[in-house]
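See structure below.
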Amino acid sequence: MSVIYFLVQQTMFFSIPLLIVALGGLFSERSGVVNIALEGIMVIGAFAGILFISLVQPALPGQPVLILAIVLSMLVGGIVSIAHAYAAIHMKADQVISGTAINMFAPAFAIYTARMIRTVQQIPFVNQFRIPSVPILGKMPILGQLFFTNTYITTFIGFGILALSWVLLYKTKFGLRLRACGEHPQAAESVGINVYKMRYIGVAISGMLAGLGGLVYVIPTSTNFNATVSGYGFLALAVLIFGQWKPLGVLASAFFFGLLKAVSSTYSGFEFLRALGLPGYTYKIMPYLVTLLALTFTSKNTQGPKSAGVPYDKSSS
């Protein structure tokens, strides 16, 4: 039973950042802008948050510094995403090229800045953010052991973002307008919706969640940041597509791929996996191989926003 608890907890560590970043991509694409820059924004967000923690932690240890780092990562991610939004919305640039430029810029910027500040590119921090047991909830039978022990506040933030995303997209006027801009922007403009504004908001939300996702990925899995999030931004795009651009679909996809990632990182702790005698790299490539296969077999049935990736020109409406 302890093995199951361990696997579930590890799955949560890998699934929550995927969930948050994929939901970010959901807001952007629902507005009509494809955000290939999720990987780069994750790197920038993680860099800002971890650098802040590294510098401030000696004077302000514990959960408050993590909460401040979360706010900073979201703010920085939102600012970086505005560059992508401007290129895609106002400049009518190819959204893939614009996003790729940010993906190339982000790790180089993080490495250069880290070396300027610390002379080395790794940014260490002390992980004091793990919660051994949530009061009361941690004592629940089975569920307490699975979800409320050895956890992080970022886990609960992730589920909160999921619930808020569903409400915003499907239960508010804002969500209806956002989805309209990603499906039929000309029709949306004809009834008085500012398509440019809605797309800027969608991309900004996407950037904030991607920046947060970068920090959430690093905190439980490492004690230093080395200008990489291991391709999680691209994996989040796969989660978004596999989840059919719907919050609950994204949730299921994130936990599926998170489970594969957890197994690939902790396979040595499972006796039956060691007994198979497979090389370690077999487990390491499993999440990415399954991602390719899943997208290959489901791509024909995908139903993404009709106008995602298509620049909108007001003069033509």
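Note that the structure is predicted; figures quoted are calculated from it, not measured.
Sequence neighbours left out, the pairs with a member in residues 127-137 that pass side-chain hydrogen bond (donor to acceptor under 3.5 Å, both in side chains) are N127-Y152, R130-N150. For residues 21-35, the side-chain hydrogen bond (donor to acceptor under 3.5 Å, both in side chains) pairs, not counting sequence neighbours, are E29-W245, N35-S206. Listed by first and then second residue, the side-chain hydrogen bond (donor to acceptor under 3.5 Å, both in side chains) pairs that reach into residues 251-261 are K261-Y288, sequence neighbours excluded. Under the side-chain hydrogen bond (donor to acceptor under 3.5 Å, both in side chains) criterion, the residue pairs touching residues 72-87 are H84-S98, with sequence neighbours excluded.
In the hydrophobic clustering of this structure, Y200 does not group with V310; members are Ile, Leu, Val, Met, Phe, Trp, Tyr whose side-chain heavy atoms approach within less than 4.5 Å, directly or through other members. With hydrophobic clusters built from ILVMFWY side chains whose heavy atoms lie under 4.5 angstrom apart, V216 shares a cluster with I67. Both F52 and I117 belong to a common hydrophobic cluster when Ile, Leu, Val, Met, Phe, Trp and Tyr are linked at side-chain heavy-atom distances under 4.5 angstrom. Follow the hydrophobic side-chain contacts under 4.5 Å out from I111 and you never reach V76; the two are in separate clusters. A continuous path of ILVMFWY side-chain contacts below 4.5 Å connects L251 to L143, so both sit in one hydrophobic cluster.
The shortest distance between side-chain heavy atoms of F105 and V80 does not fall below 4.5 Å. The side-chain heavy atoms of L162 and P247, taken from C-beta on, include a pair separated by under 4.5 Å. Contact of the Q95 side chain with the V33 side chain is registered, since non-hydrogen atoms from C-beta on lie closer than 4.5 Å.
Proximity of a side-chain donor or acceptor of T155 to a complementary backbone N or O of T151 within less than 3.5 Å is not detected. Remark: the backbone N or O of I89 is paired with a side-chain donor or acceptor of K92 at under 3.5 angstrom. Side chain of S54 to backbone of L51: no donor-acceptor contact under 3.5 angstrom is found. Distance alone, capped at 3.5 Å, places no donor-acceptor pair between the Q121 side chain and the A114 backbone. S222 places no side-chain N or O within donor-acceptor distance of the main-chain N or O of V218, the cut-off being under 3.5 Å. At least one donor-acceptor pair under 3.5 Å links the side chain of T113 to the backbone N or O of F109.
The 12-atom threshold is exceeded at CZ of F174, counting heavy atoms of other residues, nucleotides or ligands nearer than 6.0 Å. Heavy atoms from other residues, nucleotides or ligands lying under 6.0 Å from CD1 of I136 number 12 at most. No more than 12 heavy atoms of other residues, nucleotides or ligands lie within 6.0 Å of CE in M104, so this atom counts as exposed by the packing criterion.
For the atom pair CG of L66 and CD of Q57, the computed distance is 9.5 Å after rounding to the nearest 0.5 Å. Between the CG atom in L26 and the CD1 atom in I241 there is a gap of 12.0 Å [rounded to 0.5 Å]. Of the inter-residue distances, the one linking I157 atom CD1 with L19 atom CG reads 12.5 Å to the nearest 0.5 angstrom. Taken from CG in L215 to CD1 in I44, the straight-line distance is 13.5 Å, to the nearest 0.5 Å.
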(request) Using the side chain to side chain contact (heavy atoms under 4.5 Å, CB included) rule, take I123 and N224 through it: C-alpha gap first, then chi angles, then the decisive distance, then the call. (result) CA-CA 5 Å; I123 305 174; N224 67 79; over 6 Å; no
(message) Please determine whether side chain to side chain contact (heavy atoms under 4.5 Å, CB included) holds for the pair L7 and V263, giving the CA-CA distance in whole Å, both sets of side-chain angles, and the decisive distance to 0.1 Å.
(response) CA-CA 8 Å; L7 183 59; V263 171; 4.1 Å; yes
(request) Step by step, work out the side chain to side chain contact (heavy atoms under 4.5 Å, CB included) result for I219 and I50. (result) CA-CA 8 Å; I219 290 294; I50 297 299; 3.9 Å; yes
(request) Take S307 and R199 through the test side chain to side chain contact (heavy atoms under 4.5 Å, CB included) and record every step on the way to the result. (result) CA-CA 12 Å; S307 297; R199 289 190 169 184; 4.0 Å; yes
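Every residue meeting the side chain to side chain contact (heavy atoms under 4.5 Å, CB included) condition with I97, not counting sequence neighbours, appears here in chain and number order: D94. Scored by the side chain to side chain contact (heavy atoms under 4.5 Å, CB included) test, A188 finds A180, C181, I193, V195 as partners (sequence neighbours excluded). Remark: K197 pairs with no residue by the side chain to side chain donor-acceptor pair (under 3.5 Å) rule, at least two apart or across chains. Under the rule for a side chain to side chain donor-acceptor pair (under 3.5 Å), R118 has no partner lying at least two apart in sequence or in another chain. Qualifying side chain to side chain donor-acceptor pair (under 3.5 Å) partners for Q9, counting only residues two or more places apart in sequence or in other chains: T149. For Y217, the side chain to side chain donor-acceptor pair (under 3.5 Å) partners two or more places apart in sequence, or in a different chain, are S230.
Residues A87 and M91 come closest through the heavy atom pair O-CB, 3.3 Å. Scanning both residues, L38 and A210, for their nearest heavy atoms gives CD2-CB, 3.8 Å.
Counting Ile, Leu, Val, Met, Phe, Trp and Tyr side chains that sit under 4.5 Å apart, directly or through other members, I79 shares a hydrophobic cluster with L75. Residue L248 is found outside any hydrophobic cluster, as its side-chain heavy atoms come under 4.5 Å of no other Ile, Leu, Val, Met, Phe, Trp or Tyr.
The aromatic rings of F129 and F125 sit parallel, their planes meeting at an angle under 30°, below the 60° perpendicular limit. Aromatic ring orientation, F47 versus F225: tilted (interplanar angle from 30° to 60°).
Between H90 and Y312, the ring centre distance reaches or exceeds 6.0 Å. With ring centers used as reference points, F14 lies 6.0 Å or more from F257.
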